[in-house]
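Heads up: the structure comes next, in structure tokens.
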There are 2 protein chains.
Amino acid sequence: MEKIELETVCIPVSVIRRLPRYLTEAQRLCQEGVEWVSSAILAKTLGLTSSTVRQDLSYIDFKGISKRGYSAIGLETALARTLGVDRDVVCLLVGAGNLGRALSMHEGFARQGFKIVGVFDNNPAIVGKKIGRFTVQGMDDIAPHVAAGTVDIGIISVPHDAAQDVADLLIKAGVRGLLNMTTAHLQVPETVSVVDVRILLSLRELAYRVRSR
Amino acid sequence: MEKIELETVCIPVSVIRRLPRYLTEAQRLCQEGVEWVSSAILAKTLGLTSSTVRQDLSYIDFKGISKRGYSAIGLETALARTLGVDRDVVCLLVGAGNLGRALSMHEGFARQGFKIVGVFDNNPAIVGKKIGRFTVQGMDDIAPHVAAGTVDIGIISVPHDAAQDVADLLIKAGVRGLLNMTTAHLQVPETVSVVDVRILLSLRELAYRVRSR
DNA sequence: TAGATTGTTAATCGATTAACAATC
DNA sequence: TAGATTGTTAATCGATTAACAATC
């Protein structure tokens, strides 16, 4: 009785967080016409050790070559495949305050394959208003939008106290990934992924570090 | 020959990152009139284990009480003192694109003690324009501004390729802490602290996690 | 008092780094 | 060939979790 091992190697979260940075750097190197890059150079550029770089890259389906290093193009291709960069990621944005507005108008995201397809807010004074190329929609419009099944990610940029309700609503509608821009901790079922971007907490961390010297 | 131990306990970065979250929660509890909170409840609310909570809180100058837990007010006070929340943190913002504009107009930061005192950009088409209550200044105005010695933090929200130059300029002017909103890795001397907020990388991480299920 | 909850020590877990044989 | 650089294993480091005596 043999076991067929379906080599779906699980990539640790710590590595996943760095892969996009290698991709960005590989793209840059390709643009500049650089053909080969060593783990030592990559490490220097990204603030890592060469050991970490080699460990990380061992997770993707791509091999370097002794004495030469990694092919920039090969690296870019393999990382893009691993991260699924070829396909657009469809996002909904909830919360049309200053931050939400900035995110919805940020061309950088669209250029990198993150397409915002709807902006929502619960404030009647804002609903119906134009923000860049979007017309702000009410919260009731979220569910039908998600129902189409094309939405990958919900971006939450509402006040702290509204965050959990918005998360619940998005999850109920079927969204499986949340980018949490609030200071709240979101309680979600196992099937849903959350990544936190907490600018205020980062500022506090920084303030502490600057002062304690 | 005795050694006098100056108990300046160094708080690990992992703990520092969580302290602001305890503070936010303690403030909320106080507002709601809650007097006592246990490590188990705090853990539940913040998505941690009670063990982690007790370990973390052991670093601040404040003790809980067996059977009752932590006094919400005492916790708030001690955390505020540890994090230096009483004093305003003075920030400069460099890069008046969508993101920079949003940050400069975000009242939440000011309310939490982070005062932006100047917005700068190298684009002559933007310099002199009004953004909220700010008039965008040119890059040459940064150095004299910092020279006054009151600036704690520089916030960098410029394109990837300009990030390092801006960091160098801010550091040369005397800034000791940088909030990096770009995808670039900043090379800085040991005396300077950097905290990264990389929204695009967070989006990529999330996209990967949503897809690999 | 009995029981709940802390503070702290020890055990576990995972991530990073070091080391080195394989190899181009 | 000699030397540089990879891929991978083993060692280290640090963070998280478990356990439990102290204690209110």
Side-chain angles (χ1 to χ4, degrees), chain A residues 7 9-22 25-26 29 34-76 78-79 82 185 196 201 205 208-209, chain B residues 7 9-22 25-26 29 34-76 78-79 82 185 196 201 205 208-209:
Chain A
E7 283 287 10
V9 196
C10 182
I11 306 180
V13 175
S14 57
V15 176
I16 289 293
R17 294 221 174 96
R18 284 189 295 264
L19 293 187
R21 299 176 59 196
Y22 296 117
E25 184 55 19
L29 291 169
V34 176
E35 284 188 54
W36 297 92
V37 64
S38 69
S39 57
I41 300 286
L42 275 173
K44 182 92 187 300
T45 313
L46 300 179
L48 306 166
T49 66
S50 67
S51 235
T52 300
V53 172
R54 291 198 299 281
Q55 278 262 21
D56 287 352
L57 297 184
S58 74
Y59 283 101
I60 64 174
D61 184 28
F62 175 69
K63 295 258 171 277
I65 293 175
S66 293
K67 207 181 166 180
R68 281 200 275 182
Y70 302 89
S71 146
I73 290 177
L75 200 55
E76 184 188 354
L79 283 164
T82 302
H185 168 74
D196 296 306
L201 297 189
E205 179 191 339
Y208 179 86
R209 281 160 57 167
Chain B
E7 284 286 11
V9 195
C10 182
I11 306 181
V13 175
S14 56
V15 176
I16 289 294
R17 293 220 175 95
R18 283 189 295 264
L19 292 188
R21 300 176 59 198
Y22 296 117
E25 184 56 18
L29 290 169
V34 176
E35 284 187 55
W36 297 92
V37 63
S38 69
S39 57
I41 299 288
L42 275 173
K44 182 92 187 301
T45 313
L46 299 179
L48 307 166
T49 66
S50 67
S51 235
T52 300
V53 172
R54 291 198 299 279
Q55 278 263 20
D56 288 352
L57 297 185
S58 74
Y59 283 101
I60 65 174
D61 183 30
F62 175 69
K63 297 257 172 278
I65 294 175
S66 293
K67 207 179 167 182
R68 281 201 275 183
Y70 302 89
S71 145
I73 288 177
L75 199 55
E76 185 189 354
L79 283 164
T82 303
H185 168 73
D196 296 306
L201 297 189
E205 179 192 340
Y208 178 87
R209 280 159 58 166

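Note on naming: letters A, B, ... go to the chains in the order of the sequence lines (proteins, then strands), and numbering restarts at 1 for each one. Worth knowing before you read on, the calculation uses all heavy atoms, side chains too, and leaves out hydrogens, waters and symmetry mates.
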Whole angstroms only, please: what is the [atom1]-[atom2] distance between [X] and [N]?
| X | N | atom1 | atom2 | value |
| --- | --- | --- | --- | --- |
| B:L42 | D:dT17 | CG | C1' | 17 Å |
| B:L57 | C:dT8 | CG | P | 12 Å |
| A:I60 | D:dT8 | CD1 | P | 13 Å |
| B:I41 | C:dT6 | CD1 | C1' | 15 Å |
| A:L48 | C:dT17 | CG | P | 8 Å |
| B:I16 | D:dG14 | CD1 | C1' | 16 Å |
| A:I65 | D:dT6 | CD1 | P | 11 Å |
| B:R54 | C:dT8 | CZ | C1' | 10 Å |

Problem - Distance-only donor-acceptor test (3.5 Å): side chain B:Q55, base C:dT9 - result: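 Result: at least one qualifying N/O pair found.
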
Provide the closest heavy-atom pair for [X] versus [Y] in the form atom of the first, atom of the second, distance.
| X | Y | value |
| --- | --- | --- |
| B:L46 | B:E25 | CD2-CB, 4.4 Å |
| B:A43 | B:T49 | CB-C, 3.5 Å |
| A:Y70 | A:L75 | CB-CD2, 4.3 Å |
| B:A78 | B:D61 | CB-O, 4.2 Å |

Identify which nucleotide among [options] has an atom closest to any side-chain atom of [X], counting heavy atoms from C-beta outward.
| X | options | result |
| --- | --- | --- |
| A:S51 | C:dA19, C:dT16, C:dA15 | C:dA19 |
| A:S14 | D:dT8, C:dT16, C:dT8 | C:dT16 |
| B:K67 | C:dA4, D:dT17, C:dG7 | C:dA4 |
| A:S66 | C:dC24, D:dC24, C:dG7 | C:dC24 |
| B:T52 | C:dA18, D:dT17, D:dT6 | D:dT17 |

Phosphate OP1/OP2 of [N]: any [X] side-chain N/O under 4.0 Å:
| X | N | result |
| --- | --- | --- |
| B:R18 | D:dT16 | yes |
| B:Y59 | C:dG7 | no |
| B:S39 | C:dT6 | yes |
| B:T49 | D:dT17 | yes |

State the pairing partner of [N]; accept Watson-Crick or G-U wobble contacts with both distances under 3.5 Å, and report none otherwise.
| N | result |
| --- | --- |
| D:dT8 | C:dA19 |
| D:dC24 | C:dG3 |
| C:dC13 | D:dG14 |

Problem - Salt bridge present between B:R209 and B:E205 (N-O < 4.0 angstrom) - result: yes

Across the strands shown, which category fits [X] at heavy-atom distances under 4.0 angstrom: base, sugar-phosphate, nothing?
| X | value |
| --- | --- |
| A:S50 | nothing |
| B:S38 | sugar-phosphate |
| A:R17 | nothing |

Exercise for the section: Going by the salt bridge (Lys or Arg N to Asp or Glu O under 4.0 Å) test, name the single residue among A:R17, A:R18, A:R21 that passes it with A:D56. Expected result: A:R18

Handout entry: Whichever of B:F62 and A:V15 has its nearest DNA chain C nucleotide further upstream toward 5'
Key =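 The answer here is B:F62.
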
